[in-house]
Amino acid sequence: MELLVASAVGILTAAGIYLILRRRSFPVILGLSLLTYAVNVFLFATGRLVTGAPPILNKYQEVAYTDPLPQALVLTAIVISFGMTAVVVMIALGAYLSSRDDGTAMPTETDGAGEDA
Amino acid sequence: MSLFLIAALPFIGAVFPALLIRAGRNAAASAAGLTTLLAFIGLMLHIPAVFRGETVFAAVDWLPGLGLNAHFFLDGLGFLFAAMILGIGLLIILYARYYLSREDPMGQFYSYLLLFQGAMVGIVLSDNILLLLVFWELTSLSSFLLIGYWKHLPEGRQGARMALTVTGSGGLAMIAGMLMLGHIAGSYDLSIILQNKDAIQSSDLYLPALILILLGAFTKSAQFPFHFWLPHAMAAPTPVSAYLHSATMVKAGLFLMARLWPVLAGTPEWFYIVATTGLVTMLLGAVIALFKDDLKALLAFSTVSHLGLITMLLGFGTKIAAVAAVFHIINHATFKAALFMTAGIIDHEAGTRDIKRLGGLRHLMPVTFAIGTVAALSMAGIPPLNGFLSKEMMLEETAHTIWNGSHSVVPVLATVAALFSAAYSFRFIVHVFLGPRRADYPAQPHDPGTGMWIGPALLVVLVVLIGLASAKIAGPMVATAAAAVIGTETLPYYSLKLWHGLTPALYMSVAATIGGLTLLALHAPLQRTWNALPRPEAKPLFEALIGAFTRVSQSVTEGLHNGVLTRYAAIMITFTVAISYLAYRSGTLGAETRQIQDPGLLPVVGWFALVIATLFIVAKHRNRLLSLVLIGVVGLVVSLSFNYLSAPDLALTQISVEVVTIILMLLALNFMPKETPVETPALTRLRDGAIAVVAGLGAGGLIYALLMRDFAFPTISDFHLANSYKGGGGTNVVNVILVDFRGYDTFGEIIVLGIAAMVIFALTEAVLGSKVRAYLLNREPDLPQAGDAHPLMMVVATRVMMPLALMVAAYIFFRGHNLPGGGFIAGLIAAIAIIMQYMASGFSWAAERQRYPYHAIIGSGVLIAAATGMGAWFNGMPFLTSDFGYLHWPPLEEFEWATAALFDLGVFLAVVGAVLLALESLSRFAWQPGISSEHAMDINPARDEAAKTGTED
């Protein structure tokens, strides 16, 4: 199981970074999403992997629980990453609509891209 | 008056001139004058204590963890400087009122001046050296404003920039030096540092600390080779020059050297660095001053020269030389401020301060002539004026100084400097006031109004009085301040009087005076020779240096930060990987302590789904729609994994966030190209792939290493598990952490989420308000549209589902404290329920039924959360302390109430508002005229039926 999670984190990270290094905004956003998954799973996994022991207290008997703290951190991280994705998407869209160009590089002074918006 | 108030008064007062200038220039000037006067009187109230040799303290701990505290103290040295700063400040405020013209923004001037004054008073009263550094930097900044006050003059701007660059970089060096000093002494309080002479001088850090601190002092006090900024700062209005360069700014470096004299002085390093620098500066300044035609430039270089003199005296490291230094600080402040103001008066009334165009002013401006002559004679060191006394003391000291084995180097060079000093002082008198009256003055010279000459006149009276009765008038002050510099109660024997007998100093003085007169007589040929000599000009050198720095930093910046996002990302990732590798190589990895768990079939299936989807995204990312579908698969597997790995809350959150994220991206994709073109060559892609694979291996390897080991330190999670029910009243530990243990984080988070939504809204407004709107309105869809935009079945289904979905949200919300769920998840579900209406029935239909603006929902959420948190105050508890209890209303089961639920309601509302505001903003891009139909469903059998029978309502 550890190997599966670790390799999944590695693959998601690699795919995310590869897409972040693309030159158009949409793949970069996709890459950010993949990287977000990787980071969230990574943080979550720092509590170690436990099955069948959710941190819901059992009032009637002593049972083992998994680590609740990374879960709380990741929960807020998931919601915040939605906010971040939304802002980035909005910026990308605004930039595309204004210049009719979804490249992520600043237009250089010579090519005059973005002037015709 | 408390030292706090004395230091704070100028800062407080700085507000008034800027405001009162609307009430006229007199109001602004009086406000500045009154606050200064008040601070001055407050200072004078401490006279008895200070002259008894006591030290007045005022202390408040500010950041004790950093050693940064608001500790002030007042001893003789601090008193002397504070008195000069505030006293001459008063005269300058009066003088400037008449000097500045109607066009100059006087309110600004006085505000800057008081800011500067406050910073200076702060320096001289600080007990804590970190606090002193803060004030030190403030003087650099406020003097920048003052020197560049005439913004329209390029010289003013350049001079201000140069002063800021030189003194600012010296200040940076000094920060490092002070930190070292504090480190050695173990405290940042001067009163403690000054007790630790032996520890400091024997430390290995003594020399570096000394050099760094001296860099700060030398740049501020314009010592060679940093002297060049001072003449360029003369582009400032004359009141500024008179203030900065007689009593304050440039004296700050001297003050610091005097302040740290007890611990830093007395070593050979101190002697050779400080005394030599001072000697060179004194000589160089005096020589250059003689050949300056601009009155202010002459005075500027003479200031440089006199600062060098005082530095040299401090550098000698003997007690008697320190006494002489203190005495000359007083004397220089008096005659130099008077001279600057005189130069300002001449400039003001004669229309020029070029010596070549002046002369013969003694009949036209008798008052100015009297003031200027007395002050200049004092500067020349002519008895019975105060400049003579301290210059004698200086020469006497040089006669006893051995420099590198030579008895004659220092006295001879000092006499030469004194000679030039006498020469330029005589030139000031002779070439400006004496000689025949001229016919070509730019303006009709006459004495100014009383307001302008009263300040310098008062100073000149002091010059004469100190000279004639020095022991009575200046004696106690010199003794008190010198005792503070030396750091002991017992002063060496000295006597402040005019006649000491036929001492070497007297012969040197006579030689200097006669030599000075000779030089003046020979001035014209000398000036021609001087002009013919090649001399390095500081300004072009400085500008070339700054230009080189600018080019280097520009090329570095452009190399790293050239506007290509890909490059930043690549640099950042590579760098992160590199430092991670470094950390990995330099650390040690413990043995594995955990066993690999057998995965079973389900996780393996999930893993395959995730890996294949991820690889397909990478391979097919050019097809944007397809990659969105695939990313949904990844999200689904991630949320299922959370569920499998005992994190039901995460699973619920992830899956609902997944839904809204995909909808959001779909909405955006609607307006963007559906394909990504191939732009990068195969080699670049290979390089990116390599970076990505290495980073992926690193991340995967790191988490694997972590997973195979137990916690290195005891975890705090046990505390949460143990106290969740007892202290927070809930059994869902994750939710209790969110709303209770870490409620403050959550509170911050919903605010951030709200801000993100507002940013999206604002961006939408901006984009839609631009030319883009026309494009959007005329836009033709690039993909075929659905024939039926609002299908009957979907509309009906979503309407039926709406109350059900909201009920689920309510259920999830209420059970959240004890079972998986809570405000975040419930908020997302509720948002999805509403989004379904938008999707099925159309934006216009849904927007019409939307009664509360989403901004308000976000706001109310944050406010509810805040109000809940503040409720704890009424029980005397800290912010966000929760309370809970149990109620039993028959026939219901016992149930729990908790204030945390109210907090969670705030979270719920903020999430609903933020998600919907974001999506609604994006949807508004699609609006086109005619898009809204009056019917929710395009095809509605009931309507067709009604149309047939003509009974439609």
Side-chain angles (χ1 to χ4, degrees), chain A residues 1-2 4 6-15 17-21 23-24 26-27 30 33 37-38 41-42 45-46 48-57 65-69 71-72 74-76 78-80 82-83 85-87 89-90 93-94 96-98 102 104-106 117, chain B residues 563-566 569-570 573 596-597 599 603 607 610-611 614 618 621 624 627 631 638 645-650 653-654 657 661 664 668 671-672 676 679 688-689 692-693 695-697 699-700 703-704 706-707 717 720-721 725 731-734 737-738 749 753 756 759-760 763 767 772 824 918:
Chain A
M1 182 103 79
E2 278 75 8
L4 292 185
S7 59
V9 168
I11 291 168
L12 285 173
T13 308
I17 287 177
Y18 179 76
L19 290 180
I20 285 175
L21 294 176
R23 309 254 166 122
R24 298 285 173 143
F26 200 79
L30 287 180
S33 301
Y37 291 133
V41 173
F42 187 105
T46 56
R48 310 299 187 265
L49 305 181
V50 182
T51 52
I56 310 292
L57 299 180
Y65 303 109
T66 186
D67 193 341
L69 205 54
Q71 293 196 13
V74 171
L75 198 152
T76 51
I78 294 172
V79 180
I80 280 290
F82 164 74
T85 311
V87 171
V89 164
M90 190 63 225
L93 182 61
Y96 170 72
L97 289 176
S98 306
D102 63 347
T104 53
M106 293 274 280
Chain B
V564 180
L565 184 72
T566 317
I573 292 162
I596 274 206
Q597 300 173 49
W607 184 84
L610 182 135
V611 171
T614 311
V618 173
H621 75 268
R624 294 176 173 185
S627 36
I631 219 164
V638 169
L645 293 168
S646 320
D649 283 281
L650 290 192
T653 315
Q654 180 74 58
V657 162
T661 310
L664 180 97
F671 305 99
M672 294 180 80
T676 306
E679 282 175 310
D688 294 347
V693 167
L697 280 175
I703 192 62
Y704 183 71
L706 215 58
L707 286 176
S717 300
H720 294 125
L721 285 168
Y725 188 67
T731 54
N732 180 3
V733 185
V734 174
I737 292 176
L738 285 175
E749 165 157 2
L753 199 66
V759 167
I760 292 170
L763 274 170
V767 171
V772 171
F824 275 115

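Each chain gets a letter, A, B and so on, in the order the sequences are listed, and its residues count up from 1. Values below: all heavy atoms of this structure, side chains included; hydrogens, waters and symmetry mates excluded.
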Of all of A:I80, A:T46, A:L19, which one pairs up most often with chain B through heavy atoms under 4.5 Å apart? A:I80

Atom pair CG/OH of A:L57 and B:Y725 - distance to nearest 0.5 Å: 9.5 Å

In terms of heavy-atom pairs under 4.5 Å with chain A, which of B:L697, B:D649, B:I631 leads? B:I631

Tell me whether B:Q597 contacts the main-chain N or O of A:L49 through its side chain, where contact means a donor paired with an acceptor under 3.5 Å. yes

Minimum heavy-atom separation for B:S717 and A:L69, please, with both atom names. OG-CB, 3.6 Å

Relative to chain A, which of B:V693, B:L753, B:V767 shows the most heavy atom pairs under 4.5 Å? B:L753

Flag, side chain of A:T13 to backbone of B:G696, donor-acceptor distance under 3.5 Å: no

Could you have a look at A:G83, A:S33, A:A72, A:A8 and say which one has the most heavy-atom pairs with chain B under 4.5 angstrom? A:A72

Would you mind checking which part of B:F824 comes under 4.5 Å of any heavy atom in chain A, side chain (CB onward), backbone (N, CA, C, O), both or neither? side chain

So, the part of B:T661 with a heavy atom under 4.5 Å from chain A: the answer is both

Is a donor on one side and an acceptor on the other found under 3.5 Å between the side chain of B:T731 and the backbone of A:I56? no

What part of B:L650 lies closer than 4.5 angstrom to a heavy atom of chain A: side chain, backbone, both or neither? both

Closest heavy-atom pair and its distance - A:Y96, B:F671: CE2-O, 3.1 Å

For A:F42, is it the side chain, the backbone, both or neither that has a heavy atom under 4.5 Å from a heavy atom of chain B? both

May I ask you to decide if B:L565's main-chain N or O and A:T104's side chain share a donor-acceptor pair within less than 3.5 Å? no

Would you call B:D688-A:R23 a salt bridge at under 4.0 Å N-O? no

I need the residue from A:D102, A:V41, A:T85 with the largest number of non-hydrogen atom pairs under 4.5 Å to chain B. A:D102

Sort out for me which of A:F82, A:Y65, A:F26 touches chain B most, counting heavy-atom pairs under 4.5 Å. A:F26

Starting at CZ of A:R48, measure out to CG of B:L707 and round the result to the nearest 0.5 Å. 6.5 Å

Considering non-hydrogen atoms only, spot the tightest contact between B:S646 and A:T66 and give its length. O-CG2, 3.6 Å

Contact part of B:I573 toward chain A, heavy-atom cut-off under 4.5 Å: side chain, backbone, both or neither? side chain

Contact leader toward chain B among A:L93, A:L75, A:I17, where contacts are heavy-atom pairs under 4.5 Å: A:L75

Whatever's closer than 4.5 Å to a heavy atom in chain A on B:L645 counts as both

With respect to chain A, which residue among B:H621, B:M672, B:E749, B:H720 yields the maximal number of heavy-atom pairs within a distance under 4.5 Å? B:E749

Given the options A:V9, A:D67, A:V74, which has more heavy-atom pairs under 4.5 Å with chain B than any of the others? A:D67

If you look at every heavy atom in B:V618 and A:A15, which pair is closest and at what distance? CG2-CB, 3.4 Å

Given side chains that start at C-beta, do those of A:S7 and B:Y704 come closer than 4.5 Å, heavy atoms only? no

Determine whether a donor-acceptor pair (N or O, by modelled atom type, separation under 3.5 Å) exists between the side chain of B:Q654 and the backbone of A:Y37. no

Of the non-hydrogen atoms in A:S98 and B:V772, which two are nearest, and what is the gap between them? CA-CG2, 3.7 Å

Which atom of A:L21 lies closest to which atom of B:A570, heavy atoms considered: CD2-N, 3.6 Å

Under a 4.5 Å cutoff for heavy-atom pairs, which residue among B:V733, B:V734, B:V564, B:I703 has the most contacts with chain A? B:I703

Do B:R624 and A:P27 come within less than 4.5 Å of each other through their side chains, counting heavy atoms only? yes

